[in-house]
Amino acid sequence: METATLARAQMGLSLAFHIVFAAFGVGLPLLLVVAEALADRTNDPRYRLLAQRMAKGTAILFAVGAVSGTVLSLELGLLWPAFMRRFGEVIGPLFALEGVAFFLEAIFLGIVLYGRALVSRRVYRFSGVMVALSGAASAGFVTVVNAFMNVPVPVQWDGERAFLDQPWLVFTAPSAATQVVHVLLSSYAVTGFVMAAVHGAALLRGREPGFHRLALDVALPIGASAALLLPLSGDFSAKQVTAHQPWKLAAMEAHFTTKACAPLLIGGLPDEATGAVRFGLEVPCGLSVLGKGDPAAVITGLDEVPVAERPPVTRMHLAFQVMVGAGSFLAALSLFALAVRWRKKQWPTQRWFLFALVAAGVAAPLAMEAGWLVTEWGRQPYVVRGLLLTADAATRVEGLEARLAVFSGLYVFLGVTVVGLLRGLFREPEPTLSAKVVPHGA
Amino acid sequence: MAPEVAIAAVIVGGLVFYVLGGGADFGGGVWDLLASGPRRHEQRALIEASIGPIWEANHVWFIFVFVMLFSAFPPAFASLTTALFTPLTLYALGLVMRGSAFTFRHYDSDPVRRRRFGALFSAASILCPFLLGAMGAALVREQPLSLSLDLFVVAGGAFMLALVAALAATYLALAAQEPVLRESFRRRGIVSLVVAGVASWLALAAASDVAPQLVARVGRGLPAVAGTLFGSVAVAMLVMRRYRAARLVVGALTATVVIGWAVAKGEVLVWGEHTLASSRAHPATLQVLLVASVVAAAVVLPSLALLFSVFGRRAARGA
Ligand code: HDD
Ligand code: HEM
Ligand code: HEM
């Protein structure tokens, strides 16, 4: 294989791995803060137990998140030296800010995980809030890097090196705001629904309902609110993509010819060579509404994008369908759950709902991975759209095959071990305290 | 001070903290492997308790140094990652193994798997400081950058390994409450300081071949004298069972080594290719990085102090 292709495979693999742990790094601290707050307010010891279990899981997920993130930092330099040489100055300050957020996250996490008995309740709560805030901030900064790569702000050049004489202007990258909001919401949705799925599965197996229903009180309000907001935020993202990255919209929608009242394609198998789409369902003028909020609007098709600059269509369309499909499912499920909770003061109890929760625990991370693939593939063939080709940015070092094989094995090992450990934690029976406490909310 | 020199100073400062904190955590991994005698379980427990809450924060110094380097000196960074591709990849592997195996062991109850994770944790804790020292040595050689192994580079790696082992042993001797446990780490501290001394002497001997200018500039200068002095005083303090003083002096020794290394490098970032001035980022970028460093110091250092005081108190209470 070509070195550039291998470098892309390596980067994609490492990111796809890291992003799962990163999402938990953003979401879990918030859920922990909520669980602790509920424990304080209700004096129900089961919340405390839940928080303690969550803290153990957080420790494991954070450790893997931190080390996989470090691998990524190194890989930016190892795999993309020309990218770093040319754009290191522009994105560097963002990574420096992210570093500050990492410090705060790691420091206060140390206190949250190990310091419970050593600090006052106020310091403990403050630490929890700091972890949640700095996790969100670190995700925000790194997403701005990605937004810059997708739609760069105008840069100055010093020879072949780009810089900004006002470095903070990097925050004005057109897709920064929409991406940051969408990424943060998706992290909360992923964490909330994975947690809800785990406890939903326990309920299906007939384990201590008092405890596991209570866990839904922590997971679902956040997961479901985020899932309701995601289609809205996704719509803003789509409008931003239409305005600044028409090639990306055209590819993810398999929209081959420029036209007014462009249809929205649901499903379907595009043929990149002929521009035909088989088995699709078209919503008349749907794409014009999604992209510009006006059924008569003209939407640029791939025909206006030079062949050499087109992103891969079939893969992107598929990934986009997965995200939107999963997103619609999550939003519908959330609407139902929140409505029932509001009217009956408890989460739905039907078995099918529990099964749906388990499915949502798979769908949410799937949607997040798919969304990232849309964003990253949609930038191809560029690393920094319009300014630096991926092929030119890649390292010239030979022999990346071995490295890719080693890291693939490593990620499999880490993934399997983490799942095994979390299952081990989860198998510990709920202690006797559930027996002497009256069911909550009943 | 020129802005690129100021940023370089910030980076070196970060490196000092990394070796002091992250280095000591690696050292803990070394002693975890070498835990022996009837008290080996207590030794491991002490190591685990003292690394657990702080290793992630210590680890962030590495990310900080790396990020500052690529923001402030992008072309030098690109050369560096290309020339040191293999050792850096191994370093990444080592960091992953160290952090995850340590955490996995803590949360696994199966004794067989715990032992395996422990072995992985220790192996990575030996690999990383060795690579760090070896890369540090390679960076001051006066020849095109690569990790070809010669006596100088190997001695550099061995020196760093012994240094972090000494750091960990003196910290642990102070943290240990129980006399027998304390004694075992005291002895380990002395041995590793002596090994570090021998390795540094070997490195200096080899340096006249691969880095003649460096030897001329600093080999007999202040850093070498200060290093020898601190090393000997540290051994003396341990012999006299002055644990607090020993920890302080080993810390000073570490700072001297890192700063001395940076002074030895001087203006040269990558030999024959990049100096500080030739590879620095645009002044606007450097300014922002400097401001960010000041803000970071104002926010991060007090938080770190809080962290260490919380867990330092615990050590003092003997938990
Ligand atoms: C739980 C995860 C999740 C869910 C349910 C959705 N998304 Fe999403 N989406 C992501 C998670 C995500 C993401 C975090 O993976 C991405 C990648 C880059 C980004 O900004 O967010 C993304 C990107 C992304 C983009 C590309 C943005 C860009 O490149 O600038 C668009 C247009 C959408 N999404 C649209 C939607 C729509 C219309 C959804 C309606 C249901 C939706 N997303 C649900
Ligand atoms: C937010 C920070 C991110 C940064 C800075 C970033 C950076 C990069 C870079 C430099 C490349 C190589 C050049 C290229 O192919 O364009 C790349 C490719 C890639 N990234 Fe990202 N990325 C980010 C997020 C993600 C995430 C979260 C995923 C998760 C799925 C991801 C998936 C990929 C894939 C699959 C590729 C290979 C694309 C291809 O060449 O086909 N990226 N990214
Ligand atoms: C959208 C993509 C990304 C998001 C949302 C994200 C978010 C996060 C978060 C929240 C953490 C905290 C630790 C944890 O949660 O386990 C983390 C860790 C880390 N990330 Fe990412 N990240 C992303 C992509 C990247 C990229 C592209 C890089 C570098 C090139 C990177 C480098 C790191 C590093 C070095 C750490 C370790 C910090 C520590 O030691 O605490 N991340 N990331």
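Every chain is numbered from 1, with letters handed out A, B, ... down the list of sequences. This structure is a prediction, so every number in the text was calculated from the model and none was measured.
Side-chain rings of A:Phe126 and A:Phe108 approach one another, their centers coming within less than 6.0 Å. Aromatic pair B:Phe62/B:Phe66: ring centres closer than 6.0 Å.
Using the six-membered ring where Trp is involved, A:Phe21 and A:Phe17 have ring planes that are tilted, between 30° and 60° apart. The aromatic rings of A:Phe163 and B:His282 lie parallel to each other, with less than 30° between the two planes, well short of the 60° mark. Taking the six-membered ring where the residue is Trp, B:Phe26 and B:Tyr91 present perpendicular rings, their angle passing 60° and hence far from 30°.
Using a 3.5 Å distance cut-off with no hydrogens or angles, the side chains of B:Thr285 and A:Glu89 do pair a donor with an acceptor. B:His274 and B:Ser279 are not linked by any side-chain donor-acceptor pair at a separation below 3.5 angstrom, with hydrogens and angles left out of the test. Of the N and O atoms on the side chains of A:Arg396 and A:Thr3, not one donor lies less than 3.5 Å from an acceptor on the other residue. For the 3.5 Å distance criterion, the side chains of A:Ser138 and A:Glu98 fail to qualify, holding no donor opposite an acceptor.
Most heavy-atom pairs under 4.5 Å with chain A, from the set B:Thr89, B:Thr82, B:Val295: that is B:Thr89. Interface summary for chain B: among A:Gly424, A:Ala59, A:Ser127, A:Pro167, the most heavy-atom pairs under 4.5 angstrom belong to A:Pro167. Per-residue heavy-atom pair counts under 4.5 Å with chain A were compared for B:Ala72, B:Pro75, B:Ala92, B:Pro283, and the maximum is reached by B:Pro75. Each of B:Leu286, B:Leu304, B:Thr86, B:Ile54 has some count of heavy-atom pairs under 4.5 Å with chain A, and the biggest count is that of B:Leu304. Counting heavy-atom pairs closer than 4.5 Å to chain B, the top-ranked of the candidates A:Arg85, A:Met84, A:Arg161, A:Lys56 is A:Arg161.
Heavy-atom neighbours of chain B within the stretch residues 405-415 of chain A, taken at a separation under 4.5 angstrom, comprise A:Val406, A:Phe407, A:Leu410, A:Phe413, A:Leu414. Identified by a heavy-atom distance below 4.5 Å to chain A, the contributing residues of residues 99-116 of chain B are B:Gly99, B:Ser100, B:Thr103, B:Phe104, B:His106, B:Tyr107, B:Asp108, in residue-number order.
Using a 4.5 Å cut-off between heavy atoms, B:Phe85 contacts chain A through both its backbone and its side chain. Interface residue B:Val288: only side-chain heavy atoms are found under 4.5 Å from chain A. Within the 4.5 angstrom heavy-atom criterion, only side-chain atoms of A:Leu400, from C-beta onward, approach chain B. Using a 4.5 Å cut-off between heavy atoms, A:Leu109 contacts chain B through its side chain alone, with no backbone atom that close. Contacts of A:Ile60 with chain B are made by both backbone and side-chain atoms, with heavy-atom separations under 4.5 Å. Using a 4.5 Å cut-off between heavy atoms, B:Phe77 contacts chain A through its side chain alone, with no backbone atom that close. Interface remark: B:Trp55 contributes side-chain atoms only to the contact with chain A (heavy atom separation under 4.5 Å). Using a 4.5 Å cut-off between heavy atoms, A:Leu421 touches chain B through its side chain atoms alone.
At least one donor-acceptor pair closer than 3.5 Å links the side chain of B:Ser122 to the backbone N or O of B:Gly29. B:Thr81 places a side-chain N or O within donor-acceptor distance of the main-chain N or O of B:Ala78, the cut-off being under 3.5 Å. In this structure, A:Glu160 contributes its side chain and A:Asp158 its backbone to no donor-acceptor pair below 3.5 Å. At least one donor-acceptor pair closer than 3.5 Å links the side chain of B:Arg44 to the backbone N or O of B:Asp32.
With contacts defined as side-chain heavy-atom distances shorter than 4.5 Å, the pair A:Leu94/A:Trp168 does not qualify.
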Evaluate the criterion side chain to side chain contact (heavy atoms under 4.5 Å, CB included) for residue pair B:Glu56 and A:Phe102; output intermediate values, then yes/no.
-> CA-CA 9 Å; B:Glu56 291 207 40; A:Phe102 284 156; over 6 Å; no

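Of the charged side-chain nitrogens involved, at least one lies within less than 4.0 Å of a carboxylate oxygen, so that A:Arg116 and A:Glu36 count as a salt-bridged pair.
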